[in-house]
Structure formats: C-alpha cells, structure tokens
Amino acid sequence: MKKGKLKPLTAKQLKPEGWLKRQLEIQAEGLSGHLDLIWPDIRESKWIGGDKDGWERVPYWLDGFIPLAFLLDDENLKRRAKKYVDAILAGQDEDGWICPCEREERSRYDVWPAFLICKVLVLYYDCTQDDRIEDAVYSAMKQLLAHISVHTIFDWAAARWFECLIPLWWLYERRPEEWMLQLATILEAEGLDYVKLYSRFTFERPPKRRYWSQIDHVVNTAMALKCRALMSRMTGEDPDEFALHMYQTVMKHNSMPTGHFTGDECLSGDEPTQGSECCSVAEAMYSYEVLLAESGNGFWADLLEKEAFNSLPATTTADMWAHQYVQMTNQISARKYPEESVPFNSNSGEANMFGLEPNFGCCTANFNQAWPKFALAVIMESKQGLAVNMLVPSRAEVERDGKRFCVRVVSEYPFRDEAALEVTAESPVECEISVRIPGFVQHAWVDGKEAKPGSCVSIRKIWKDTVRIPVKLKIEGRLVDRPHGAKAFIRGSLVFSLPINAKVRALEYIRDGVERKAPYCDYEMLPDSPWNYAFCSESFETEFGEIGEYPFSPQDPPVRIKTRMVPISWEEKDGICAGVPVTAAALGEPEEVYLQPYGCTDLRMTEMPFLKIYTYLAQNGKKYYTEFKS
C-alpha cells in the first residue's frame with residue numbers, strides 16, 4: 001500500500017495561534033459551537049436516540065466540531081463531542097451496521113452516511129486514541145462489504161464512493177486484511193466513474209435552463225477531485241493527474257476569481273451573479289488538503305489558501321452565527337428573491353440569505369469542518385521532518401528519533417507579507433524543515449536567500465536551542481481578466497472587492513418547528529452605498545491595518561487597496577445586478593475608493609469592467625465621459 005508524500009498531524013500535535021486561533025474561537029462562539037444546543041436536527045437526532053434527522057447532518061457537524069474542540073483544547077466542547085460518539089458506538093448493531101436505520105429498511109438505505117460517520121470516528125481516534133474506535137470501524141467496514149455485495153450503492157453513496165476509502169485506508173494501515181482491498185474494488189466498480197465522465201463531458205452550463213444532476217452536483221464535484229488520489233494508495237497511479245485534469249475542465253466554464261467554481265446545486269457557468277454552495281467550499285478545501293498530502297504538490301496549497309481566505313469567510317458572517325447557502329461574486333443584496341427573478345439553476349430565492357439553514361440545512365452542518373481541517377493542514381509531517389505548507393500562525397510539536405522539537409509559524413499572513421519560523425529543540429535533533437513558497441508571489445526570501453515562487457525550500461541541519469528563520473514575500477497586486485470583459489483585482493492569495501454597506505434586518509420566526517432567534521436567525525441585507533462602478537486606474541496602493549477581534553470583519557478589514565473607480569450605468573432588478581453593465585459610459589468623475597478582501601465583505605462587487613476614459617467640455621459647460629477603446 002503506497003503512502004502519501006505528507007502525513008497530516010493530529011490536534012494533539014498541532015495548535016493554531018494568532019488570528020487563526022481567534023478564527024476557531026469565533027467558530028466555537030458561533031453557530032458551529034451551539035448546533036447541538038439549538039438545532040433539532042442535531043439536538044434530537046436519531047444518531048443519539050432522538051426522532052429527528054438520522055442521515056448526514058450529525059456526521060457532517062461532528063466532522064468539524066470534533067477537531068474544533070481538540071484544537072482549542074476546550075473541555076466543554078470535548079465533553080459534548082464524546083456524548084455523541086458514545087451514543088453512536090452504543091447504537092451500532094452487533095453485525096456492524098452503524099447507521100440509525102431499521103433492519104427492514106437497509107436495502108433502501110443510501111449508505112453515504114456510513115462512509116461519513118466512519119470518517120468521523122477515525123478523526124475522533126486521532127484526537128483521543130479511544131481504543132473503541134478501531135473495532136467499531138472494522139465491524140462497520142466488514143458489514144458494508146457484505147451489504148453492498150448484495151445491495152449495489154446508489155444516489156449519494158454512488159457519487160461519493162471514494163469517501164469511504166478514508167476510514168478504510170486508516171483501518172488497512174493498522175490491520176491489513178485482503179477483504180479491505182475487495183471492498184475498495186467493489187466501491188470503485190459500483191460508484192460513479194469520474195475518469196470516464198471527464199474524458200467525454202465538457203461541463204458547460206446549459207443555457208438558461210433549470211436542472212439538477214448528480215454528475216455535476218457542485219458538492220460531488222468538490223469531493224471527487226480527490227477520488228483518484230485516494231485510489232492511488234492501492235493502484236499506485238499518479239495522485240495528481242486526474243485531479244488536475246478535472247479541475248481545469250470544471251474551471252473552463254464555471255470559474256470564480258477566488259479559484260473556486262460556481263454551483264447552486266449543480267455547476268452554474270461563469271457569470272458573476274451565479275453562486276456557489278457553502279458545502280462545496282468546505283469540501284473543495286478538504287479535497288485540496290488530501291491532494292496536498294498525497295502528492296506534495298504546492299498547487300493544491302495555493303488553491304487551499306484562496307478558498308480559506310476568500311470563499312470560506314465570505315460565506316459566513318464575521319461572527320459565524322449565520323451562513324449563506326450560495327455566495328455570489330457580485331452580490332449587491334442578500335435577500336429572498338422573488339420566484340420570477342431567482343438567478344439560480346435549482347435553488348430557491350432564499351439561498352442567498354444569511355441565516356440558520358437557508359435553502360437546505362446540509363451546509364448548516366457541513367461548513368463546520370472547513371476552518372478546523374484547514375488548521376490541521378498548515379504543517380504536516382514529511383519523511384524527513386516537518387513541512388510548513390501555509391505561512392499562517394501555528395505551532396507543531398512532534399518527536400523525532402525520540403527527541404521532541406517544535407516548529408512555530410509566527411505571522412499575520414495573508415494580511416502581511418512576511419513570516420518567521422521558530423524551530424526549538426531541547427536536545428540536538430537532525431531533521432529537515434521545509435517551507436512552501438506560495439506560487440502567486442513575485443519574489444521570496446527564506447533566511448535571506450532568494451527562493452523561487454511555487455517552490456519548497458528545505459533546510460536540513462542539526463537543530464538545537466531556538467533558531468529563527470525569517471520569510472519575506474514580495475506580492476504585487478494585479479487586475480486579471482474575467483469572462484464577459486470584466487476584471488478582478490487580486491493580490492497574492494487575496495481577491496479584493498468593492499464593499500457595499502449593508503442595511504441589515506434580523507428575521508426571527510419558526511418554520512417546520514425550527515426556531516430562528518437572534519443571533520441564529522435569518523438576516524436580510526440590502527445595499528446602502530453605491531455599487532455600480534468600473535475600474536479606471538492602474539494605480540493600486542496597499543494599506544495595512546490591525547487585525548481586529550474578527551479577522552474577516554467587513555467593518556474593520558486588516559488590509560485595504562486604495563484606487564480610483566468611476567460610476568457607470570448598471571441595471572439591477574429585485575436586488576440582483578445584471579451580469580454585465582448595459583453600457584460602458586461613465587456617469588461622473590473618477591472617485592477615490594477602497595477595495596477590501598473578498599472574505600471581509602457581506603455585500604460586494606468583484607468583477608467589473610475597466611474603462612480608460614477621456615473628457616471633453618461641451619459648449620454648455622457640461623462634461624461628458626466616454627470609454628476609450630484601447
């Protein structure tokens with residue numbers, strides 16, 4: 001069985017620091033840390049003996065809540081996580097069946113949650129070393145083999161078959177048995193063949209047609225990016241080859257400037273008023289983390305950074321008490337759209353609202369995994385030592401040759417252009433520390449020596465006492481081309497947007513027995529500042545500020561870009577701006593404006609045209625502005 005290039009550390013070995021720790025604290029103080037107290041689908045789930053949802057929602061929530069509890073070393077959160085794990089283990093049938101389902105219902109049961117809950121149990125073991133977990137996962141996997149040998153997997157299990165390989169390979173490493181390889185083979189044979197699909201399908205969105213499909217469901221797509229990388233453990237194939245092809249195919253027609261892809265249920269084209277589902281962001285991040293571990297390719301770390309610093313914080317409020325089902329690149333309101341104006345392929349008009357469970361509740365449970373798992377991917381173990389994948393503040397403490405040593409990343413990256421590694425060894429220890437240089441910087445220096453962007457700089461020596469290694473980056477902002485003649489401004493891993501002030505109205509009500517009550521209610525956000533602008537200057541000045549209580553605060557962003565923009569004519573209907581402006585004519589003088597990180601906005605304009613303008617004075621003294629065709 002082939003192993004990956006890098007091995008993720010556990011929550012015991014790795015701890016977030018600085019702004020990243022604060023982000024996890026915000027998550028614990030917000031919706032994620034309270035779902036088991038306020039949301040019936042978690043609080044009264046069949047997984048713990050209740051009568052509410054007994055499918056994916058508890059496993060989804062635990063997939064983030066467990067690492068959150070242990071990364072923060074919070075005894076209250078850990079106790080509550082254990083309550084759920086205890087109930088799940090106690091509810092497992094003698095034959096190994098682990099999902100809350102009557103025996104006579106098994107033949108009709110979509111076994112996707114069985115994959116997911118076993119993945120969660122493995123995660124819990126990594127945090128606790130609970131000796132009950134191995135036998136429980138062993139029994140569940142053995143039973144699953146017997147079950148799918150008779151009842152072929154279907155629906156979500158068929159689309160997400162490869163997710164089962166995560167707990168299966170964990171089990172195989174601990175107690176390898178031939179039937180486990182048979183289970184992997186059967187899962188692959190019965191599941192959706194993404195390789196064949198992506199060899200013959202373009203995934204270009206059907207023009208103006210509402211549709212729904214498993215084959216290009218956006219969350220399935222985000223998950224499937226890692227399908228062959230996981231199978232490569234058994235087959236020995238290149239873990240990167242298919243993932244790179246799949247990503248490029250998806251992005252050809254469905255791209256966002258954040259590096260993510262659109263999908264309001266299914267892939268949705270490249271207009272800036274198309275959205276992308278919150279779950280797809282969380283699952284794409286996890287896929288990139290797996291791909292990074294399996295292949296060591298820094299390309300996936302670049303994408304992971306862009307997701308974590310842009311798409312992820314933009315899909316929640318800064319206090320993480322509310323989230324969207326769908327975020328838009330150009331989002332001038334977050335409200336319930338009238339049915340006749342809904343821009344989405346298959347979502348309802350409330351999918352764009354911030355709230356407890358807008359549109360569907362899956363994202364309410366699933367967004368919880370994104371920040372904790374990102375924190376666990378910052379530093380990984382290599383065969384030679386430790387690999388610093390992201391320059392965000394963290395600390396890893398591991399043992400090498402029986403000696404303990406610690407690597408700290410001291411930084412405010414990505415809100416600053418520098419960091420430092422502090423390596424501490426109480427006793428001399430020889431190993432390699434490597435640091436990835438982001439691929440989107442222009443220049444970099446590690447310990448005073450120039451390093452190539454996109455490379456991995458390795459330092460092997462005998463470490464003793466504390467050694468500080470400075471890392472400096474030169475990052476230049478630039479306008480990048482987007483479809484439909486638009487531009488977007490990107491600086492390093494951060495996409496910048498024109499922020500729109502929001503008039504916020506809290507909506508408290510009860511629907512289907514579920515209460516929305518502040519702060520976990522729904523929120524309507526309407527624009528309270530102009531948004532119809534075009535770029536008109538090539539001068540962009542970076543201004544750094546303090547990182548406040550909320551790192552991704554729309555009111556107090558830690559970095560801004562000063563430039564000049566010009567107002568233009570741009571149509572809007574029912575809170576949705578047109579995909580492109582009607583005309584390119586400017587409506588007034590250029591104005592000094594500030595852009596701020598995409599992740600530090602609730603309402604925003606990101607993809608806008610660029611106008612080179614000139615003026616002339618008419619006889620009546622009125623100025624006119626016209627686009628200059630360069």
Inset, instruction - From the options Leu356, Asp53, Leu31, select the one residue that forms a side chain to side chain contact (heavy atoms under 4.5 Å, CB included) with Trp39. - result: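 So, applying the side chain to side chain contact (heavy atoms under 4.5 Å, CB included) to Trp39 and each of Leu356, Asp53, Leu31, only Leu356 qualifies.
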
Legend entry - With Ile576, the side chain to side chain contact (heavy atoms under 4.5 Å, CB included) member among Ile332, Asn352, Thr273, Asn330: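 Only match with Ile576 under side chain to side chain contact (heavy atoms under 4.5 Å, CB included): Thr273.
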
With the threshold set at 4.0 Å, does a side-chain nitrogen-carboxylate oxygen contact exist between [X] and [Y]?
X	Y	answer
Arg335	Glu524	no
Glu350	Arg511	yes
Lys15	Glu17	no
Glu508	Lys517	no
Glu549	Arg22	yes
Glu283	Arg160	no
Asp302	Arg436	yes

Can you measure from [atom1] ([X]) to [atom2] ([Y]) and round to the nearest 0.5 angstrom?
X	Y	atom1	atom2	value
Trp371	Ile26	CH2	CD1	9.5 Å
Lys226	Tyr286	NZ	OH	6.5 Å
Arg560	Thr542	CZ	OG1	11.5 Å
Arg416	Ser411	CZ	OG	10.5 Å

Take atom [atom1] in [X]; do more than 12 heavy atoms of anything else shown fall under 6.0 Å from it?
X	atom1	answer
Glu538	CD	no
Glu546	CD	no
Glu29	CD	yes

[X] vs [Y] side-chain heavy atoms within contact, under 4.5 Å:
X	Y	answer
Pro609	Pro581	yes
Leu312	Phe552	no
Leu244	Phe299	yes
Thr317	Met525	yes
Ser280	Thr221	no
His484	Glu607	no

Legend entry - Proximity of Tyr288 and Phe374 rings by center, below 6.0 Å: no

Inset, instruction - Would you please classify the geometry between the His217 ring and the Trp156 ring as parallel, tilted or perpendicular, with 30° and 60° separating the classes? - result: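 Aromatic pair Trp156/His217 classed perpendicular.
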
Inset, instruction - Determine the interplanar angle of the Phe309 and Tyr413 rings, folded into 0 to 90°, and report it as parallel if under 30°, tilted if 30 to 60°, perpendicular if over 60°. - result: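 Geometry flag for Tyr413 against Phe309: perpendicular rings.
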
Legend entry - Criterion side chain to side chain contact (heavy atoms under 4.5 Å, CB included) on Met320 and Tyr550, from CA distance to verdict: CA-CA 10 Å; Met320 296 191 72; Tyr550 296 100; over 6 Å; no

Is the backbone N or O of [Y] less than 3.5 Å from a side-chain atom of [X], with the two atoms forming a donor-acceptor pair by type?
X	Y	answer
Gln274	Asp264	no
Asn254	Phe203	yes
Arg516	Val514	yes
Gln324	Cys278	no
Asp270	Ser255	no
Ser276	Phe261	yes
Trp61	Ser32	yes

Inset, instruction - With Phe489 as reference, evaluate Phe610, Phe540, Phe535, Tyr594 under the ring-ring contact (aromatic ring centres under 6.0 Å, His included) test and give the passing residue. - result: Phe540

Hydrogens and angles aside, do [X] and [Y] bring a side-chain donor and acceptor to less than 3.5 Å of each other?
X	Y	value
His253	Thr202	no
Thr258	Asn310	no
Tyr325	Glu265	yes

Inset, instruction - Establish, for the pair Arg491 and Phe496, whether the NZ or CZ atom is under 6.0 angstrom from the six-membered ring centre and no further than 45 degrees off its axis. - result: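 Cation-pi check for Arg491 and Phe496: fails.
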
Inset, instruction - Would you please test Leu35 and Asn368 for side chain to side chain contact (heavy atoms under 4.5 Å, CB included) and show each step? - result: CA-CA 10 Å; Leu35 279 179; Asn368 305 283; 4.0 Å; yes

Legend entry - Verdict with reasoning, Tyr247 to Leu303, per side chain to side chain contact (heavy atoms under 4.5 Å, CB included): CA-CA 11 Å; Tyr247 179 76; Leu303 280 181; 3.1 Å; yes

Inset, instruction - Could you check Glu25 against Lys21 for side chain to side chain contact (heavy atoms under 4.5 Å, CB included), going step by step and ending with a plain yes or no? - result: CA-CA 6 Å; Glu25 290 171 345; Lys21 181 181 180 183; 3.4 Å; yes

